[in-house]
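Take a look at the structure below.
Numbers for residues simply follow the sequence, beginning at 1.
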Amino acid sequence: MQTQPGFGAVLSSLAGYTNIIGWPDRGPVNPYGAYTDFVCPKFAVAAILAAVDRQRATGRGTHLDMSQLETSLHFGGPMLLDADVNGREPELVGNRHPAASPHGAYPCAPDTSGETDRWITIAVFTDDQWAALRDEMSADGVTDAQSGEFRTFRVRKAHEDKLDGIIAGWTANHDRHELMRRLQAAGVPAGVVNDTCDLFEDAQLQHRSHFTWLDHPEMGPYATDYTESHLSATPGRLDRPAPLLGQDTEYALREIIGLSESEFRELEEAGALE
């Protein structure tokens with residue numbers, strides 16, 4: 001098994017996430033991207049910092065053995081506990097949430113470019129949020145949501161299909177960005193669904209200077225994500241593109257590890273650096 005490669009999509013399945021993502025009438029799907037690849041580095045950084053702190057205090061190093069599978073299982077804690085304690089197996093529920101209703105992605109009107117695949121997400125967790133959403137819909141003449149069958153969270157859950165249909169009929173007549181701002185101003189959690197191109201126009205990402213353009217020797221100019229945390233003392237920077245394969249091998253071996261000329265040449269002649 002040591003020669004069998006492992007990828008994020010495989011590990012997401014082994015961790016159980018594939019079986020809880022998707023629509024009830026369709027097959028399960030993977031989380032976006034290589035989910036475990038995104039999760040593991042955060043734990044790795046914490047482990048490395050702890051090891052460095054221990055080395056400074058005791059002079060002893062630490063062997064770190066970090067499994068993407070085991071790390072990712074942390075995020076399945078509620079699901080595992082629910083199955084163990086309550087005997088409930090997780091089900092495919094699409095965009096719905098056990099503690100919110102309505103909770104989903106709803107179609108919006110085409111944008112100025114004519115693109116029709118436009119959506120807004122709405123997540124109502126409290127009675128006040130529901131009242132605010134209901135009032136915004138009523139202001140546009142949509143009174144179906146005033147029905148008593150949607151008065152409380154429990155009854156909204158019981159009639160969720162019908163409720164989603166009413167909301168979708170309302171959102172379909174609105175520009176997604178205008179509706180997002182309107183709902184947020186009313187206290188309703190809402191956000192537009194961006195595709196990759198939309199991200200470059202996102203006001204919050206622009207405000208955070210999230211994308212940085214770098215010039216790669218083979219790909220040319222490309223956009224990359226800036227560091228997620230803006231620290232005051234060590235703000236971080238991106239001043240070079242991703243390296244070519246083996247680009248820094250000689251520097252690492254000579255300057256960081258400290259190999260002598262003869263040791264380096266021995267490795268080079270043996271083909272170990274190819």
Side-chain angles (χ1 to χ4, degrees), residues 1-19 21 28-76 196 199-200 205 208-274:
M1 293 296 293
Q2 292 181 352
T3 60
Q4 186 73 21
F7 299 96
V10 177
L11 294 167
S12 295
S13 299
L14 292 174
Y17 298 116
T18 303
N19 204 44
I21 298 177
V29 296
N30 262 308
Y32 168 75
Y35 178 74
T36 58
D37 286 5
F38 306 151
V39 168
C40 196
K42 279 68 174 179
F43 286 83
V45 168
I48 292 170
L49 290 175
V52 170
D53 185 62
R54 178 175 183 266
Q55 192 277 332
R56 289 175 175 173
T58 67
R60 299 174 60 187
T62 303
H63 173 76
L64 299 176
D65 181 0
M66 179 161 289
S67 161
Q68 282 198 14
L69 172 60
E70 294 171 359
T71 300
S72 301
L73 284 173
H74 283 271
F75 293 88
T196 303
L199 294 178
F200 289 92
L205 294 182
R208 297 282 293 177
S209 300
H210 180 72
F211 291 109
T212 298
W213 286 88
L214 299 172
D215 193 12
H216 193 272
E218 290 193 358
M219 294 192 306
Y222 73 100
T224 188
D225 298 332
Y226 193 70
T227 175
E228 297 173 1
S229 301
H230 293 194
L231 306 179
S232 57
T234 55
R237 65 181 186 274
L238 293 173
D239 53 11
R240 56 175 289 183
L244 298 174
L245 183 62
Q247 175 178 316
D248 299 312
T249 300
E250 182 174 354
Y251 171 80
L253 293 177
R254 289 180 181 273
E255 304 298 328
I256 299 178
I257 297 179
L259 293 186
S260 65
E261 178 67 21
S262 61
E263 290 172 325
F264 178 81
R265 293 303 174 192
E266 183 178 350
L267 290 175
E268 188 176 45
E269 292 169 2
L273 308 183
E274 294 180 1

Supply the atom-to-atom distance [X] [atom1] to [Y] [atom2], rounded to the nearest 0.5 angstrom.
{"X": "L14", "Y": "T36", "atom1": "CG", "atom2": "OG1", "answer": "9.5 Å"}
{"X": "E274", "Y": "L245", "atom1": "CD", "atom2": "CG", "answer": "11.5 Å"}
{"X": "L214", "Y": "M219", "atom1": "CG", "atom2": "CE", "answer": "9.0 Å"}
{"X": "F264", "Y": "L253", "atom1": "CZ", "atom2": "CG", "answer": "6.0 Å"}
{"X": "L69", "Y": "S72", "atom1": "CG", "atom2": "OG", "answer": "7.0 Å"}
{"X": "L238", "Y": "W213", "atom1": "CG", "atom2": "CH2", "answer": "14.0 Å"}

Problem set entry | Residues Y35, N30; criterion side-chain contact (heavy atoms from CB on, under 4.5 Å); working and verdict | CA-CA 8 Å; Y35 178 74; N30 262 308; over 6 Å; no

Please report the shortest heavy-atom distance between [X] and [Y], naming the atom on each side.
{"X": "G258", "Y": "E263", "result": "O-OE1, 4.5 Å"}
{"X": "T18", "Y": "S13", "result": "OG1-OG, 2.8 Å"}
{"X": "A47", "Y": "M66", "result": "CB-CE, 3.9 Å"}
{"X": "I21", "Y": "P31", "result": "CD1-CG, 3.5 Å"}
{"X": "P41", "Y": "D37", "result": "CD-O, 2.8 Å"}

Exercise. Can you say whether the rings of F211 and F200 are parallel (under 30°), tilted (30 to 60°) or perpendicular (over 60°)?
Worked result: parallel

Exercise. According to the side chain to side chain donor-acceptor pair (under 3.5 Å) rule, which pairs have a member within residues 235-249, sequence neighbours left out?
Worked result: R237-D239, R240-D248

Exercise. In terms of heavy-atom contacts, does CD of E268 have more than 12 from other residues, nucleotides or ligands at under 6.0 Å?
Worked result: yes

Exercise. Under a 4.5 Å cut-off applied to non-hydrogen side-chain atoms, are L244 and P217 in contact?
Worked result: yes

Exercise. Can you tell if the side chain of Y226 reaches within under 4.5 Å of the side chain of S209, non-hydrogen atoms only?
Worked result: no

For this session: Determine, stepwise, if the pair Q68 / V39 fulfils side-chain contact (heavy atoms from CB on, under 4.5 Å).
Result: CA-CA 8 Å; Q68 282 198 14; V39 168; over 6 Å; no

Exercise. With sequence neighbours left out, what residues match R60 under side chain to side chain donor-acceptor pair (under 3.5 Å)?
Worked result: none

Exercise. What pairs with R254 under side chain to side chain donor-acceptor pair (under 3.5 Å), at least two apart in sequence or on another chain?
Worked result: E250, E261

